[in-house]
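Step one of this worksheet: look at the structure below.
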Amino acid sequence: QSKKKGLSFEEKRARMMEIFFETKDVFQLKDIEKIAPKEKGITSMSVKEILQSLVDDGMVDTDRIGTSNYFWAFPSKALHARKRKLEELESQFAESTQKKEALQKSIEKSKIGREDTAERAALIEELAALRQKKEQLKAEIDKYRECDPDVIEEMRQTNKIAKEAANRWTDNIFSIKSWAKRKFGCEENRIDKSFGIPEDLDYID
């Protein structure tokens, strides 16, 4: 069966999020550039742009360790970020709709016993702009609602997964710190400061 071609920007974003959710792992850009084309049908040339858009939206976390940038995403955070964005768009949409209705009433009122006026023309122009804004906001809301069903279903089950992933990486950090202390004789507080590790880092109960 031939691979699906011509993925939309949002389809690419959803598929890239699947990479993080399915593996529960941390990646460098070069890793994702290898995985995304092979497993998700995302062209390697668009990986960096897609990944940056997810970072900008708070869906994917990133940090620089040494000379390399690392990327990861916990499903629970992605769900919260998506909910916040959806709530923000719905609020803007409601405000735009309310203002449009008020302007519509003003225009209807101005028609009673009046000829066309500059004020009425300005109101009509503003109403047209609001209608366009309303359509843009509606498209944005639809974009955030029409997520991949598999991703959404996985998000509903992610509290446990996110907790396990967080504890696994906490364990990895402790192991690396222990190795660094043995290998290089570094003090623990120096390792914490060098890599931005909180002093109170601990497992999640």
Side-chain angles (χ1 to χ4, degrees), residues 3-93 96 132-159 161-170 172-173 176 193-198 201:
K3 294 183 178 179
K4 181 180 178 180
K5 296 183 180 180
L7 294 174
S8 70
F9 189 76
E10 284 306 311
E11 285 174 328
K12 291 177 182 178
R13 280 165 53 97
R15 291 192 178 196
M16 186 167 292
M17 290 304 297
E18 289 177 357
I19 295 175
F20 293 103
F21 293 167
E22 291 169 359
T23 63
K24 319 295 187 304
D25 210 344
V26 175
F27 301 96
Q28 291 181 263
L29 176 61
K30 62 183 181 181
D31 300 324
I32 302 176
E33 287 177 335
K34 292 178 182 178
I35 296 171
K38 183 178 178 180
E39 297 185 8
K40 299 300 178 182
I42 303 171
T43 58
S44 57
M45 292 181 62
S46 65
V47 166
K48 187 174 182 180
E49 178 188 6
I50 300 297
L51 183 59
Q52 186 59 51
S53 77
L54 293 170
V55 171
D56 292 343
D57 284 349
M59 304 285 286
V60 172
D61 288 316
T62 182
D63 200 4
R64 189 174 184 85
I65 301 177
T67 59
S68 301
N69 290 320
Y70 291 85
F71 302 87
W72 68 94
F74 291 148
S76 57
K77 180 175 181 180
L79 176 59
H80 292 153
R82 192 179 297 277
K83 282 183 176 179
R84 286 196 301 271
K85 182 66 175 179
L86 183 59
E87 288 170 358
E88 177 186 341
L89 289 170
E90 287 178 335
S91 176
Q92 293 180 26
F93 183 76
S96 176
Q132 183 177 3
K133 178 66 174 178
K134 177 182 176 182
E135 291 304 314
Q136 291 172 351
L137 288 171
K138 187 176 183 297
E140 281 284 302
I141 290 173
D142 291 341
K143 181 181 73 175
Y144 278 85
R145 280 178 174 160
E146 295 175 1
C147 302
D148 187 284
D150 293 336
V151 176
I152 292 175
E153 179 60 29
E154 186 167 0
M155 285 179 178
R156 291 171 181 160
Q157 307 295 331
T158 56
N159 283 340
I161 295 173
K163 175 182 172 182
E164 291 175 351
N167 283 335
R168 183 170 64 253
W169 280 103
T170 299
N172 290 343
I173 290 171
I176 293 171
K193 289 181 180 179
S194 297
F195 293 96
I197 302 172
L201 176 70

Gap separating the [atom1] atom of [X] from the [atom2] atom of [Y], nearest 0.5 angstrom:
X	Y	atom1	atom2	result
Asp31	Asp25	CG	CG	8.5 Å
Met17	Lys40	CE	NZ	12.0 Å
Glu18	Glu39	CD	CD	10.5 Å
Leu137	Glu135	CG	CD	9.5 Å
Leu54	Glu49	CG	CD	10.5 Å

Are [X] and [Y] close enough that some pair of their side-chain heavy atoms sits under 4.5 Å apart?
X	Y	answer
Met59	Phe20	no
Phe71	Gln28	no
Val55	Gln52	yes

With sequence neighbours left out, the residues meeting side-chain hydrogen bond (donor to acceptor under 3.5 Å, both in side chains) with Ser53 are Arg13

Suppose we screen for side-chain hydrogen bond (donor to acceptor under 3.5 Å, both in side chains). Which residues come up paired with Gln132, at least two apart in sequence or across chains?
none

Would you please name every residue forming a side chain to side chain contact (heavy atoms under 4.5 Å, CB included) with Val47, sequence neighbours left out?
Met16, Leu29, Ile32, Glu33, Ala36, Ile42

Of all heavy-atom pairs linking Lys24 and Arg168, the shortest is O-NH2, 3.0 Å

Leu51 pairs by side-chain contact (heavy atoms from CB on, under 4.5 Å) with which of Asp56, Ile19, Val60, Thr62?
Val60

